[in-house]
Amino acid sequence: MYNSKAYSAASATSPLANTSIARRDPTDTDVQIEILFCGICHSDLHQVRNEWSGMMPTVYPCIPGHEIVGRVTKVGKGVKKFKEGEIAAVGCMVDSDRTCPECKAGLEQFCPNMILTYNFPDKHMGGVTYGGYSDSIVVDERFVLKVPKNLDLAGAAPLLCAGITTYSPMRHWGVKKGKKVGVVGLGGLGHMAVKFAHALGARTVVFTGSPSKVEDAKRLGADEVVLSKDMNAMQAQAGSFDFILDAVAAPHDINAYIGMLARDGNITMVGAPEQPLPVSVFGLLFKRRSFSGSIIGGIAETQEMLDFCGDHNITADVEVIPIQKVNEAYERLVKSDVKYRFSIDMASLKNE
Ligand code: NAP
Ligand code: ZN
């Protein structure tokens with residue numbers, strides 16, 4: 001075991017603060033990574049504040065962070081994919097059982113024994129896993145990803161969650177040239193969704209509650225931007241979409257978007273408000289529409305997404321912050337005041 005610097009929350013109402021944690025020494029199949037950047041996902045905030053207490057209660061102290069990019073500092077003797085000194089990345093999962101049908105299908109995110117990067121049982125150390133708001137992490141090589149060399153590292157970190165979470169459902173639902181795609185909520189996930197929908201060749205429409213984001217949405221690749229409070233503009237979109245990705249982190253009127261789907265259209269939730277959303281069944285019956293959800297993506301697809309980003313030069317638009325500003329960043333996230341992902345420069349942790 002060795003000590004690692006980190007930022008942790010002691011309770012649902014405590015600010016994140018400097019701490020020291022024990023990490024395991026790398027086993028034969030482990031990669032030890034010095035973390036360079038970690039993105040801030042809205043899920044970090046949900047979990048730190050125990051907003052998902054019904055689904056996955058938070059165990060304290062909680063060390064969030066699942067958008068990790070860093071440099072390999074040590075590898076176990078059985079590790080084949082990575083060498084010391086290389087750049088590597090870790091996303092939302094650090095383990096799974098590797099034997100179930102989901103794992104065999106490359107869909108580790110649905111494995112009943114999947115282990116999330118933080119707040120999940122840690123079979124090596126006991127207690128729960130600790131995430132990326134830290135100066136280092138040790139992860140089995142199967143769950144470590146390669147980052148294309150041309151990508152800026154601060155902007156690449158958010159690809160590990162915001163990127164794969166939006167890329168995966170778009171691939172699943174056949175987003176491509178000739179399709180009309182909506183993106184609801186222009187935050188960390190939403191802005192990645194716009195970049196992917198545009199890169200995949202779809203006609204892309206953004207729905208935002210923030211007038212200040214309209215010009216940005218166009219710059220990010222939207223063909224059209226609709227203010228969700230503009231009822232006329234909303235109604236003009238009725239029955240026209242093949243696919244809508246909803247990345248909103250709070251309760252909102254989902255039926256307004258269901259009504260915008262064309263025949264056989266699908267709306268997928270990736271946003272995760274804890275409270276149930278009322279869904280009008282009649283909205284689904286007419287036009288055989290479907291309403292579904294999606295969570296991150298498998299390891300192979302995460303690597304495919306990173307390679308796609310390398311080929312298309314796609315990274316997140318980030319505001320790089322020192323870790324000392326993490327609590328302020330959370331307050332801004334609650335107000336939808338982020339353009340469009342915070343990425344923590346982990347060098348700042350050395351000053352603690
Ligand atoms: P974020 O950066 O805070 O973005 C959320 C956006 O939703 C905001 O920027 C805002 O966009 C819109 N919004 C916020 N409050 C709203 C409200 N009351 N009504 C309507 N729109 C509202 O969050 P994120 O990191 O992208 O995460 C979004 C959600 O996805 C969170 O719930 C997170 O936990 C979840 N998530 C799920 C997965 C998964 O695997 N399914 C993975 C990661 C995150 P506008 O200003 O444009 O309106
Ligand atoms: Zn996330």
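Numbers for residues simply follow the sequence, beginning at 1. In each ligand, atom 1 is the first atom listed, and ligand 1 is the first ligand listed.
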(message) Taking N, O or S atoms only and a limit of 2.8 Å, check whether Cys161 reaches the Zn ion (ligand 2).
(response) yes
(message) Polar contacts were defined as any N/O atom of the residue lying under 3.5 Å from an N/O atom of the ligand; does this apply to Ser210 and ligand 1?
(response) yes
(message) Just to confirm my output: which protein heavy-atom neighbour is closest to atom 33 (C) of ligand 1, and how far is it?
(response) Ser43 OG, 3.4 Å
(request) Grab the two heavy atoms, one from Gly132 and one from Met346, that are nearest each other, plus how far apart they are. (result) O-CE, 3.3 Å
(message) Need the ligand 1 atom indices (1-based, order shown) with element for anything under 4.0 Å from a heavy-atom of Trp52.
(response) 34 (O)
(request) Give a yes or no on whether a salt bridge exists between Glu34 and Lys5, defined as a side-chain N under 4.0 angstrom from a carboxylate O. (result) no
(request) Note the single closest protein heavy atom to atom 12 (C) of ligand 1, along with its residue, its atom name and the distance in Å. (result) Gly185 CA, 4.0 Å
(request) Name the option, out of Val270, Leu333, Thr208, that contains the heavy atom nearest to atom 45 (P) of ligand 1. (result) Thr208
(request) Would you mind telling me if ligand 1 is within reach of the side chain of Ala250, the backbone, both or neither, using heavy atoms under 4.0 Å? (result) side chain
(request) Please confirm whether Gln109 comes under 4.0 Å of ligand 1, counting heavy atoms of the residue only. (result) no
(message) Please list the nearest protein heavy atom to atom 25 (O) of ligand 1 with its residue and the distance rounded to 0.1 Å.
(response) Arg341 NH1, 2.6 Å
(message) Less than 4.0 angstrom from a charged side-chain N to a carboxylate O is my criterion; do Glu86 and Lys146 meet it?
(response) yes
(message) Quiz question: by atom type and distance under 3.5 Å, do the side chains of Lys213 and Thr208 form a donor-acceptor pair?
(response) no
(message) Under a 3.5 Å cutoff, is there a donor and acceptor pairing between the side chains of Thr73 and Gln32?
(response) yes
(message) Is it the case that ligand 1 has an N or O less than 3.5 angstrom from some N or O of Leu189?
(response) yes
(message) For Tyr2, I'd like to know if atom OH has over 12 heavy atoms of other residues, nucleotides or ligands within 6.0 Å.
(response) yes
(message) Does any N or O of ligand 1 fall below 3.5 Å from an N or O anywhere on Pro273, backbone included?
(response) no
(request) Return the residue, atom name and 0.1 Å-rounded distance of the protein heavy atom closest to atom 48 (O) of ligand 1. (result) Gly209 N, 2.9 Å
(message) For Thr165, which part has a heavy atom under 4.0 Å from ligand 1: side chain, backbone, both, or neither?
(response) side chain
(message) Out of Val248, Leu45, Ile296, Asp216, who is nearest to atom 13 (N) of ligand 1 when you count heavy atoms only?
(response) Val248
(request) Would you check whether Tyr330 reaches within less than 4.0 Å of ligand 1, judged by its heavy atoms? (result) no
(message) Are more than 12 heavy atoms, taken from residues, nucleotides or ligands other than Arg263, located less than 6.0 Å from that residue's CZ atom?
(response) no
(request) Report yes or no: do Glu352 and Gln324 form a side-chain donor-acceptor pair below 3.5 Å? (result) yes
(request) Would you please determine whether Ala162 falls within less than 4.0 Å of ligand 1 on a heavy-atom basis? (result) no
(message) Give me the nearest non-hydrogen protein atom to atom 4 (O) of ligand 1 as residue plus atom name, then the distance to 0.1 Å.
(response) Gly187 CA, 3.3 Å
(message) Below 3.5 Å, N or O to N or O, backbone or side chain included: is there any such pair between His46 and ligand 1?
(response) yes
(message) I'd like to check whether Gly188 has a polar contact with ligand 1, where a contact means an N/O of the residue lying under 3.5 Å from an N/O of the ligand.
(response) yes
(request) Using the six-membered ring wherever Trp is involved, compare the ring planes of Phe196 and Tyr167 and label them parallel, tilted or perpendicular (cut-offs 30° and 60°). (result) perpendicular
(message) Please work out, at 4.0 Å between heavy atoms, whether the side chain, the backbone, both, or neither of Lys213 comes within that distance of ligand 1.
(response) side chain
(message) Please determine whether the number of non-hydrogen atoms from other residues, nucleotides or ligands lying under 6.0 Å from atom NE2 of His46 exceeds 12.
(response) yes
(request) Could you tell me the residue and atom name of the protein heavy atom closest to atom 28 (C) of ligand 1, and the distance to it rounded to 0.1 Å? (result) Ala247 O, 3.2 Å
(message) Less than 3.5 Å apart, any donor N or O on the side chain of Gln237 or Tyr257 sitting next to an acceptor on the other?
(response) no
(message) Suppose we measure from atom 14 (C) of ligand 1 to each protein heavy atom; which comes out shortest, and what is that distance?
(response) Ser336 OG, 3.4 Å
(request) Considering only non-hydrogen protein atoms, determine which one is nearest to atom 27 (O) of ligand 1 and report residue, atom name and distance to 0.1 Å. (result) His42 CB, 3.4 Å
(request) Answer side chain, backbone, both or neither: which part of Cys161 comes under 4.0 Å from ligand 1, heavy atoms only. (result) side chain
(message) With no hydrogens and no angle check, just 3.5 Å: does a side-chain donor-acceptor pair link Thr268 and Asn266?
(response) yes
(message) I want to know if ligand 1 touches Leu186 in the polar sense, i.e. an N/O pair below 3.5 angstrom.
(response) yes
(message) If I apply the N/O under 3.5 Å rule, does Ala272 come out as touching ligand 1?
(response) yes
(request) Decide, yes or no, whether a salt bridge links Arg23 with Asp135 under the criterion of side-chain N to carboxylate O below 4.0 Å. (result) no
(request) Working to the nearest 0.5 Å, report the span between CD of Glu331 and NZ of Lys325. (result) 14.5 Å
(message) I'd like to know if Tyr60 and Met56 are part of one continuous hydrophobic network [Ile/Leu/Val/Met/Phe/Trp/Tyr, side-chain heavy atoms within less than 4.5 Å].
(response) no
(request) Could you tell me whether the Zn ion (ligand 2) has an N, O or S atom of His66 under 2.8 Å away? (result) yes
(message) Salt bridge check, Asp223 against Lys218: does any charged N sit closer than 4.0 Å to a carboxylate O?
(response) no
